Asks: 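Provided herewith is a single structure, encoded as structure tokens, for subsequent inquiry.
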Amino acid sequence: MLYDTLTRRKKPFVPIEEGKVRLYVCGPTVYGDPHIGNFRTFSVGDFLRRWLDYRGYDVFHTMNITDIEDKTIRDSGAEGISLKEFTDRYTRSFLRGLDVLNLRRATTYPKATEYVAQMIDFVQKLLDKGVAYVADDGVYFDIDKFPEYGKLSHVDTEKVEKTERMMQDEYDKEAANDFALWKFATQEELDRGIYYESPWGRGRPGWHIECSVMSRCLMGDTIDIHAGGEDLTFPHHENEIAQTESLTGKTFVNHWLHVRFLTINGTKMSKSLGNYISFDDVLAKYSAEAFRYFYLSVHYRRPLDYTEESMKIAENSVARLGNTLDLIEGAMNQPDVNLDYTEKESTFIESVKELRGKFEAAMDDDLDTHGALDALHAMSGAINRYIDIGANKGVLTIAATTYLKLLNALGLYEKRAGGAGGITDDVISILADLREKLRLEKNYDLSDMIRDDLGKIGVVLSDTAEGARWKIEDS
RNA sequence: GCCGGGUUGGCUGAGCGGUUUAGGCGUCCGCCUGCAGAGCGGAUCUACGGGGGUUCGAAUCCCUCGCCCGGCUCCA
């Protein structure tokens, strides 16, 4: 089941082609470092993508990169560098964010500037169909030619037209809601060489056309899922529908997915308010796991508020899930204390199975990541308790495999800090052994000092019944 | 003004007519520990914005009032 903005209800997800999913997620406009609000949308895209992967679908995942529009031209000009130099920089920043936050890479990241020829072709076809017209400053789509206009956002164009902003008609278009398919170059753009030749004159594509064109070129006339931030519903996605469906006569997208905005301390995060924070800011204070957990902890269609407190909760909560992995590891390193397979083993395995079912049901129900985390916490508790009473290693392995698989399906703890390797590993081991001897001699002053000092450099040492264990904390 | 969403215990956040004070975090106590951490056990918290109504029964349905947030303009 997956919610669809168009019908405003959940409906069963049935891919166009069995076993395959065509997924398009609206990507960034590369005119600045992405902030954590932007990344909420991309992260939700990642949750969706991972879940489809988990369910065995072959996912073709497209995320566009908008590298030519007003802001990129304006800001690169202000900086006095070429458009390409400017957008390359922020494209790199964006891609780095994906990696740092452990978002699975999309199948492809098409750039708007690489599809200009196809866009021109698309626009020409719309002109041929008579649903677009050439004006003095560009080519426009005539929304009166698309009677279903407004079906996605449920916007009444009659009313929208009455708003003040719309009345300020700064463009040479026939109706207020008509939108640009192609913009003729300004003098500045001509001077800077930012233009493309077209049958109607030098210029550049309008913003909305790129998604329609790239989606169609890469995945065909109809795709399964198109996702983006809630702000894109109107007018961006509405316009995409109008363009594409006018051209193909087919349904453009089967499921429209819109991600609710992130707020910070109760208000919207935006550049103009100056209250935005980058992923680097967050990662300076919290782990990547905690950050991901934070996104996962609230359903994607509900508002999510960033506060220091909610991040601390996320940090603690995700650590609890991670501690279970430590316990499992510790138990596996113990001698076999339990080779039985009795009722407590079967009960344990049963509950793990049941919780796995809960997890899957939650994710299948419109990507209920919060419900999935609940199941994971319950499973974590069950595993901890089972280890406490003396685990049968074989049974524990089965449970641990399931647990880890589900964590990974959410993108959590995929790359655990399993030691530093090499000489660092050895040095820490020597220190740990030395400390163990001191402890046996009851020299607690020195042994505590070693533990404290190691803690200061991020090595967490903990005593267990089977001797000391240590791990290097995630940065 | 129009269109959405929200309003739940110290915090976070499920529930969407009738098992269970959901779960997590926090706090406190106990077990385990030389101590700490982790884990386990227990306790704390019995909440549902205000006011009406429907019902045998409502956090859950209806009406109404309030407050908060977002979209309607480039924005994830």
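Not measured: the values here are computed from a predicted model. Excluded from the calculations below are hydrogen atoms, water molecules and symmetry mates; all remaining heavy atoms, backbone and side chain alike, are included. Lettering follows sequence order; numbering is per chain, from 1.
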Asks: Quiz question: going by heavy-atom distance under 3.5 Å, is there a donor-acceptor pair between the base of A36(B) and the side chain of Arg451(A)?
Replies: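 By the distance-only test, yes, there is a pair.
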Asks: Using whole Å, what does the distance between atom C1' of nucleotide G13(B) and atom CG of Asp368(A) come to?
Replies: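 Distance, rounded to whole Å: 11 Å.
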Asks: Is the aromatic ring of Tyr444(A) within stacking range of G34(B), meaning centres under 5.5 angstrom and planes under 30 degrees?
Replies: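 It does: the ring sits over the base of G34(B).
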Asks: So what does Ser153(A) hit on the nucleic acid, given a heavy-atom distance under 4.0 Å: a base, only sugar-phosphate, or nothing?
Replies: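 Nothing, no heavy atom under 4.0 Å.
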Asks: So which nucleotide from A76(B), G23(B), C40(B) ends up closest to the side chain of Asp231(A)?
Replies: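 Per side-chain heavy atoms of Asp231(A), the pick is A76(B).
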Asks: Sequence neighbours left out, what passes side chain to side chain contact (heavy atoms under 4.5 Å, CB included) with Ile349(A)? Give chain and number order.
Replies: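 Applying side chain to side chain contact (heavy atoms under 4.5 Å, CB included) to Ile349(A) gives Tyr341(A), Val395(A), Ile398(A).
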Asks: Can you see if the side chain of Asn323(A) gets near the phosphate of A38(B) - specifically, an N or O under 4.0 Å from OP1 or OP2?
Replies: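 Asn323(A) to A38(B) OP1/OP2: no side-chain N or O under 4.0 Å.
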Asks: Going by side chain to side chain contact (heavy atoms under 4.5 Å, CB included), name the residues that satisfy it together with Arg385(A), two or more places apart in sequence or in a different chain.
Replies: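 Arg385(A): side chain to side chain contact (heavy atoms under 4.5 Å, CB included) contacts with Ala382(A).
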Asks: Please set out all donor-acceptor pairs under 3.5 angstrom arising from side-chain atoms of residues 313-321 of chain A, sequence neighbours excluded.
Replies:
{"from": "Glu315(A)", "atom 1": "OE1", "to": "Ser287(A)", "atom 2": "N", "distance (Å)": "3.1"}
{"from": "Glu315(A)", "atom 1": "OE2", "to": "Ser287(A)", "atom 2": "OG", "distance (Å)": "2.8"}
{"from": "Ser317(A)", "atom 1": "OG", "to": "Ile313(A)", "atom 2": "O", "distance (Å)": "2.8"}

Asks: What's the spacing between Ile36(A) CD1 and Ser278(A) OG if we round to 0.5 Å?
Replies: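 Interatomic distance, Ile36(A) CD1 to Ser278(A) OG, rounded to 0.5 Å: 8.5 Å.
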Asks: Could you tell me how far C16(B) sits from C11(B) if I compare only their P atoms? Round to whole Å.
Replies: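 My reading of the P atoms in C11(B) and C16(B) gives 23 Å.
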Asks: Specify the residue among Ala382(A) and Ser297(A) whose closest nucleotide of RNA chain B lies further upstream toward the 5′ end.
Replies: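 Looking at the nearest nucleotide for each, Ser297(A) comes out on the 5' side.
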Asks: Give each protein N/O atom lying under 3.5 Å from an N/O atom of nucleotides 67-69 of chain B, with the pair distance.
Replies:
none

Asks: Is Arg385(A) side chain donor-acceptor paired with the G39(B) base, going by distance under 3.5 Å alone?
Replies: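 Flag unset: no donor-acceptor pair detected.
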Asks: How does RNA chain B look in dot-bracket notation if pairs are Watson-Crick or G-U with both distances under 3.5 Å, crossing ones as [ ], other-strand ones as |?
Replies: (((((((..(((.....[....)))((((((.......))))))....(((((..]....))))))))))))....
Asks: For Phe47(A), check ring-ring contact (aromatic ring centres under 6.0 Å, His included) against everything at least two apart and list the hits.
Replies: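 Listed in chain order: nothing, the list is empty.
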Asks: By nearest nucleotide on RNA chain B, pick out whichever of His35(A) and Tyr293(A) is the more 5' one.
Replies: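 Here Tyr293(A) is the residue nearer the 5' end.
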Asks: Just how far is it from atom NZ of Lys285(A) to atom NZ of Lys312(A), taken to the nearest 0.5 Å?
Replies: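 The NZ atom of Lys285(A) sits 7.0 Å away from the NZ atom of Lys312(A).
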Asks: Drop me the distance from Leu355(A)'s CG to Glu350(A)'s CD, to the nearest 0.5 angstrom.
Replies: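 The CG atom of Leu355(A) sits 10.5 Å away from the CD atom of Glu350(A).
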Asks: Identify whether any heavy atom of His370(A) sits under 4.0 Å from a base atom; if not, whether one sits that close to sugar-phosphate; answer base, sugar-phosphate or nothing.
Replies: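 Base contact - His370(A) has a heavy atom under 4.0 Å of at least one base atom.
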Asks: With rounding to the closest Å, how many angstrom separate the C1' atoms on G13(B) and C65(B)?
Replies: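 The same atom, C1', in both gives a distance of 27 Å.
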Asks: Checking only heavy atoms, does the side chain of Asp445(A) share a donor-acceptor pair with the base of G34(B) at less than 3.5 Å?
Replies: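 Looking at the base of G34(B), it does not pair with any donor or acceptor on the side chain of Asp445(A) (distance under 3.5 Å).
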Asks: Of all residues at least two apart in sequence or in a different chain, which pass the ring-ring contact (aromatic ring centres under 6.0 Å, His included) check with Phe86(A)?
Replies: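 Residues passing ring-ring contact (aromatic ring centres under 6.0 Å, His included) with Phe86(A): Tyr90(A).
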Asks: Are Thr29(A) and A76(B) close enough that a side-chain N or O sits under 4.0 Å from OP1 or OP2?
Replies: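 Affirmative; the distance criterion is met.
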Asks: Residues two or more places apart in sequence or in another chain: which of them pass side-chain hydrogen bond (donor to acceptor under 3.5 Å, both in side chains) with His226(A)?
Replies: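 His226(A) satisfies side-chain hydrogen bond (donor to acceptor under 3.5 Å, both in side chains) with no other residue.
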Asks: Taking the side chain of Arg320(A) as its heavy atoms from C-beta onward, which of G26(B), G24(B), A76(B) lies nearest to it?
Replies: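 Selected nucleotide: G24(B).
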Asks: Keeping to residues at least two apart or across chains, list the side chain to side chain donor-acceptor pair (under 3.5 Å) pairs with something in residues 30-48 of chain A.
Replies: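 Matches after skipping sequence neighbours: Asp33(A)-Ser93(A), Asp46(A)-Arg50(A), Asp46(A)-Arg292(A).
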